[in-house]
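One structure is given below, encoded as structure tokens.
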Amino acid sequence: MEKYKCVAIDDDLVYLEIFKKLAEKVDSIDLVGTFSSAIDGAVGVSKLKPEILFLDIEMPYLDGYETISTLEDKPRIIIVSSHLEYETDELKIDVKKFVRKPLEGPEQLEEIVKEVMSM
């Protein structure tokens, strides 16, 4: 099975830990970096060059949309947010999928990766 390099950016440290545990159980994910700061995350994305970015929207200093606008080589972007009002925004920017927090488990994460990588 093919592994896709992924990065996660979210200011919620508990969520990042949960995401790491889920990602470890998904064969198609190679989680190469997690960042709790959008600024550090944007730098990490440009260095690590992941194929998929799991990104929160509401973060201090730089929100998810501003983070996307700073990226030169954009990976496939999956917004992971508990804020349902942003779901309609995905059509306005280069976002492949909107997923509501919390993720239900490794099976859901694997389905999301398959769907986004087949687009």
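Just the heavy atoms: all of them, side chains too, but no hydrogens, waters or symmetry mates, feed the values below. Just so we're clear, the structure is a prediction, and the values are computed from it rather than from any experiment.
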Residue pairs meeting side chain to side chain donor-acceptor pair (under 3.5 Å), one or both in residues 107-119, sequence neighbours left out, come to Lys97-Glu115
- Message: Are there over 12 heavy-atom neighbours, none belonging to Glu104, within less than 6.0 Å of that residue's CD?
- Response: no
*asked:* I'd like to know if the side chain of Lys5 and the backbone of Ile52 have a donor-acceptor N/O pair within less than 3.5 Å.
replied: no
Determine, using the 4.5 Å side-chain heavy-atom cutoff (strictly less than), whether Val80 and Val26 are members of one ILVMFWY cluster. yes
Closest heavy-atom pair, Pro75 versus Pro50, reported as atoms and distance to 0.1 Å, is CB-O, 3.2 Å
Members sharing Met119's hydrophobic cluster, built from side-chain contacts under 4.5 Å between Ile, Leu, Val, Met, Phe, Trp and Tyr, are none
In short, Asp11 meets Met59 closest at the heavy-atom pair OD1-CG, 3.5 Å
Using residues 28-48 as the side-chain source, report each donor-acceptor pair under 3.5 Å to any protein atom, sequence neighbours left out, with the distance given to one decimal.
{"residue": "Ser37", "atom": "OG", "partner": "Ile39", "partner atom": "N", "Å": "3.3"}
{"residue": "Ser37", "atom": "OG", "partner": "Asp40", "partner atom": "N", "Å": "3.2"}
{"residue": "Ser46", "atom": "OG", "partner": "Val43", "partner atom": "O", "Å": "2.8"}

Residues at least two apart in sequence or cross-chain that pass side chain to side chain donor-acceptor pair (under 3.5 Å) with Asp10, listed by chain then number, are Lys101
Note: Lys49 and Asp73 closest approach over all heavy atoms is NZ-OD2, 3.9 Å
Residues pairing under salt bridge (charged side-chain N to carboxylate O under 4.0 Å, His left out) where one sits in residues 15-25, two or more places apart or in two chains, turn out to be Glu17-Lys20
(request) Using the rule that two of Ile, Leu, Val, Met, Phe, Trp, Tyr join whenever any of their side-chain heavy atoms come within less than 4.5 Å, decide whether Val116 and Tyr4 are in one cluster. (result) yes
